[in-house]
Protein chains: 2
Amino acid sequence: MLDERSRQVLFAVIDCYINSPGPVGSRVVTKQYAFGLSPATIRNIMADLEEIGFLKQPHTSAGRVPTDTGYRYYVDAITAEKQSLESGLASDLNRRLELLGKDINLFLDDASRMLSVMSHYIGIALSPNTSSALLNRIDLIKYRDDQVAVILFSDEGIIRNKIVPISPEVTQADLNRIAEYINDRFSGSTLDEIKRLILGEMMKEKVLCDSLIDEAIRICRDIFSAAPGNVYISGLSGMLSLPDFCDIARIKDLMSAIEDKQIMVNFLDRIADAEGTQIFIGSENPLDEMKKLSLVAATYKEGSRPIGTVGIIGPTRMNYQHAITIVDMTAKYITTMLSYR
Amino acid sequence: MLDERSRQVLFAVIDCYINSPGPVGSRVVTKQYAFGLSPATIRNIMADLEEIGFLKQPHTSAGRVPTDTGYRYYVDAITAEKQSLESGLASDLNRRLELLGKDINLFLDDASRMLSVMSHYIGIALSPNTSSALLNRIDLIKYRDDQVAVILFSDEGIIRNKIVPISPEVTQADLNRIAEYINDRFSGSTLDEIKRLILGEMMKEKVLCDSLIDEAIRICRDIFSAAPGNVYISGLSGMLSLPDFCDIARIKDLMSAIEDKQIMVNFLDRIADAEGTQIFIGSENPLDEMKKLSLVAATYKEGSRPIGTVGIIGPTRMNYQHAITIVDMTAKYITTMLSYR
DNA sequence: ATTAGCACTCTCCATCATCGAGTGCTAATA
DNA sequence: TATTAGCACTCGATGATGGAGAGTGCTAAT
């Protein structure tokens with residue numbers, strides 16, 4: 001589709017633009033990249049690239065700027081070829097990852113910060129989606145007359161805990177029977193499944209005395225209903241130092257994109273199923289607020305089941321090579337970290 | 001210190017400035033507030049107010065702007081006199097508060113959002129400081145060969161939970177003995193105290209067999225060491241719509257003030273002991289990053305012990321009357337909410 | 001003690017000319 | 001045929017200029 005020379009020119013323009021914003025002229029391309037061609041020739045090539053939509057001019061007689069489509073071509077190219085990740089970066093990243101805690105939620109908070117520091121963009125990390133976690137066991141602890149602590153375990157730890165009100169007549173022994181029942185029936189299923197199954201099944205079940213069933217149903221409805229995921233976001237102030245965000249309007253866009261964490265959670269949840277590193281460039285983004293930003297994200301897994309996401313949000317003019325490496329390594333690190341526990 | 005007329009002029013200027021930024025001139029004061037005085041007289045009074053440092057001119061022949069000292073005088077005045085809170089505001093606020101959840105952490109997240117919506121500034125809420133919570137009971141649940149779930153209860157619910165590795169030889173019965181021991185000795189003390197006492201005391205204690213003590217000490221060290229507080233912050237994007245943040249530099253200041261949550265937590269923790277609503281105006285702020293912002297904060301309590309903070313961060317030119325009312329009511333609401341459980 | 005009047009100051013805004021970077025096109029060149 | 005030098009042209013950025021307007025301080029009159 002693109003001859004070798006055009007490719008190189010496109011990549012040169014992108015490279016230039018990543019290093020400093022502002023349209024790239026034909027002259028600087030010839031200066032900084034040894035093509036052995038004159039500006040005039042470069043101009044012709046650039047005109048061709050504009051024609052097929054990989055570059056555009058902000059206005060007549062300014063230099064060229066890559067379009068989202070241009071970036072897409074570039075990103076596809078660099079992800080296709082074997083990534084020779086800079087050894088310095090890799091070891092630095094590993095060192096930083098080692099330093100973070102082992103508790104997954106604290107880890108994610110730190111990880112988002114680390115991602116932002118390493119990339120100079122915004123680092124995000126989405127906490128594990130508990131509703132697809134496998135129940136290992138449930139514990140019900142009566143700790144006050146009218147309250148019971150419900151604790152759900154997966155194989156990897158406590159996934160949920162909550163205080164639920166309860167009628168004072170229910171004894172710890174009763175609670176043990178409820179817990180035993182749930183453990184027998186449902187351990188090994190995901191919380192989502194349990195939520196769907198449990199209410200119906202309990203209605204029919206007659207092994208427990210009736211008033212208990214009422215309590216049990218209420219408890220289950222409470223604890224198995226979806227808990228909101230948590231998203232950690234870091235590096236906003238750093239982003240503002242970038243020349244890309246020199247006008248207030250863009251900053252406001254950025255903020256509103258970030259601010260509603262619920263939207264963010266839903267969005268990241270939605271892409272969590274896909275394999276490998278995902279890249280959304282500017283207008284490719286499904287979220288309106290992010291049409292002028294790019295997202296590089298990868299999911300981390302527990303076993304083979306993707307449970308959460310880490311990523312970097314930056315200007316479309318971001319250093320994709322760098323970002324991809326960082327995000328990829330971080331996701332892989334979390335995955336192995338989870339499997340070693 | 002200030003005669004009645006000067007006071008009124010000062011308040012008029014502040015009122016004007018709160019409604020729209022930009023220096024206020026003598027003419028608009030005479031127009032909007034019926035003093036029955038001419039602009040010239042107002043000018044003289046304003047010159048006096050400038051002399052004592054309550055107003056200042058951005059440049060010769062611009063209007064006047066309140067100084068931090070001026071605001072302080074104003075705020076002291078309005079807090080001293082009986083607050084006649086607008087009935088509309090109060091009921092609206094109450095309605096919104098009722099809508100929020102009852103689980104304290106979810107509540108705080110929503111509350112910070114509510115605070116920002118109501119004030120149009122930034123809403124903050126600091127989660128309860130668990131290290132000064134009173135232990136009601138500890139539970140140790142072995143749920144895998146090499147791991148134990150530790151759950152701390154206060155009178156109000158689960159305050160901490162954590163998975164701690166453990167040697168496989170320790171049985172559930174052993175854990176029960178450890179838990180019983182801790183419950184006997186320490187329930188009713190704050191986690192902070194326990195942390196200080198427990199390690200030393202355990203060393204001496206010989207009721208448990210030795211290898212168990214080692215395990216117990218390790219577990220306690222883990223679970224009783226300080227957990228980071230959590231701070232919920234909302235409304236950044238809204239703030240950017242204010243005319244006060246029209247230049248990037250101020251936005252960056254704002255961001256860096258907000259971004260490092262750890263600093264925020266420490267700061268809010270430090271002021272958490274004081275009674276009533278606290279107000280830091282501009283340069284009064286202990287935090288450098290906040291020297292151009294104001295903070296209105298109040299603590300909420302559990303019984304008589306202050307355990308957390310809610311507040312509003314805005315430009316020094318904020319509507320203090322409004323902010324104080326909102327923050328105050330919210331803190332009081334949380335306090336009663338906690339006491340009814 | 002207050003006020004009208006007036007000269008003065010300073011910001012804001014639009015206008016205008018200039019500069020320079022970068023282009024597209026054409027004609028010359030290898 | 002592909003490349004390049006040369007040139008006219010476009011357009012944004014920059015800075016100077018010059019009212020207009022808002023608001024002051026001062027003085028003299030009430």
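In what follows, every chain begins at residue 1, and chains take the letters A, B, ... in the order their sequences are listed. The structure presented is a predicted model; accordingly, all values stated were derived computationally and were not measured.
- For the side-chain hydrogen bond (donor to acceptor under 3.5 Å, both in side chains) test with Ser283(A), the passing option among Thr69(A), Thr316(A), Asp68(A) is Asp68(A); the others fail.
- Using the six-membered ring where Trp is involved, Phe11(A) and Tyr74(A) have ring planes that are perpendicular, over 60° apart on the 30 and 60° scheme.
- The side chain to side chain contact (heavy atoms under 4.5 Å, CB included) with Ile124(B) is formed by just one residue from the set Ile258(B), Thr309(B), Ile233(B); it is Ile233(B).
- Partners of Arg317(B) under the side-chain contact (heavy atoms from CB on, under 4.5 Å) rule, at least two apart in sequence or in another chain, are Tyr17(B), Pro21(B), Tyr71(B), Pro243(B), Asp244(B).
- The backbone N or O of Glu284(B) sits nowhere less than 3.5 Å from a side-chain atom of Arg72(B) that would complete a donor-acceptor pair.
- Between the CZ atom of Arg43(A) and the C1' atom of dT10(D) there is a distance of 14 Å, rounded to whole Å.
- Asp247(A) places its CG atom 12 Å from the P atom of dA13(D), with the value rounded to the nearest Å.
- For the segment residues 2-26 of chain A, the set of residues with a heavy atom within less than 4.0 Å of an atom of DNA chain D comprises Arg5(A), in numerical order.
- Residues satisfying the side-chain contact (heavy atoms from CB on, under 4.5 Å) criterion with Asp110(A), sequence neighbours excluded, are Leu100(A), Arg113(A).
- Contact check of residues 47-62 of chain A against DNA chain C (heavy atom, cut-off under 4.0 Å) returns Gln57(A), Ser61(A), Ala62(A).
- Of all nucleotides in DNA chain C, those with any atom nearer than 4.0 Å to a heavy atom of chain B start and finish, going 5' to 3', at dT2(C) to dT11(C).
- Taking a pair as Watson-Crick or G-U wobble with both distances under 3.5 Å, DNA chain D forms stems of 3 or more consecutive pairs at C:1-30 with D:1-30.
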